[in-house]
Amino acid sequence: ERYRNLGKVIEILCRLMSGMVSAPSAPQSDRSRIQTLAVSIAERYRNLGQLGSHVTSHTFFLLLDLMQFFDHYHAKSNEVALQIMKDLKLLPLQDGETVEQKVAVFRGKDDLIRQCYPDILLALMSILYKQYR
């Protein structure tokens with residue numbers, strides 16, 4: 001019963017996080033409060049392995065990572081943000097990675113992640129432009 005309720009909580013948090021993942025984090029903003037709650041839940045239940053279904057658990061932790069990426073992006077910590085994006089392997093940023101491979105990755109992601117891609121691409125293009133200008 002408890003794990004089923006946890007799964008529902010994670011699903012709701014994923015929906016909330018997805019809608020505000022790319023927004024700047026201001027103190028006491030909705031995004032800041034949701035992120036704090038999500039991190040707290042992630043830390044508390046890290047040892048359980050999965051929080052709900054595998055897809056929901058993966059989506060939850062990926063959204064947390066994307067929030068961290070956007071926090072660094074908005075703070076102008078471009079090197080850190082770029083490294084986070086490389087580690088997430090969502091886009092072809094390493095030698096040997098192809099667009100076709102990443103399209104397959106994109107297709108395998110939950111809709112809550114896929115709807116974040118336009119903002120991810122825009123932020124990443126901005127970082128790369130500043131890096132090579």
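Numbering of residues begins at 1 and proceeds along the displayed sequence.
A continuous path of ILVMFWY side-chain contacts below 4.5 Å connects Leu121 to Met67, so both sit in one hydrophobic cluster.
Closest approach of Ile84 to Asp65, counting heavy atoms only: CG2-O, 4.0 Å. Of all heavy-atom pairs spanning Leu62 and Leu88, the tightest one is CD1-CD2, 3.8 Å. Pairing each heavy atom of Met17 with each of Leu64, the nearest pair is CE-N, 3.5 Å.
With sequence neighbours left out, the side chain to side chain donor-acceptor pair (under 3.5 Å) criterion links Asp71 to Arg31, Gln35. Under the rule for a side chain to side chain donor-acceptor pair (under 3.5 Å), the partners of Asp30 that lie at least two apart in sequence or sit in another chain are Arg33. Residues satisfying the side chain to side chain donor-acceptor pair (under 3.5 Å) criterion with His74, sequence neighbours excluded, are absent altogether.
Between Thr98 and Val103, every side-chain heavy-atom pair lies at or beyond the 4.5 Å cut-off. By the 4.5 Å heavy-atom criterion applied to side chains, Asn78 and His72 are not counted as neighbours.
Below 30°, between 30° and 60°, or above 60°: for Tyr73 and Phe69 the angle between ring planes is below 30°, a parallel geometry.
Residues in residues 17-29 take part in no salt bridge (charged side-chain N to carboxylate O under 4.0 Å, His left out) pair, two or more places apart or across chains. Among residue pairs with one or both ends in residues 112-133, those qualifying as ring pair (Phe, Tyr, Trp, His ring centres under 6.0 Å) are Phe106-Tyr117; sequence neighbours excluded.
In the hydrophobic clustering, where aliphatic and aromatic side chains (Ile, Leu, Val, Met, Phe, Trp, Tyr) are joined below 4.5 Å either directly or transitively, Leu122 stands alone.
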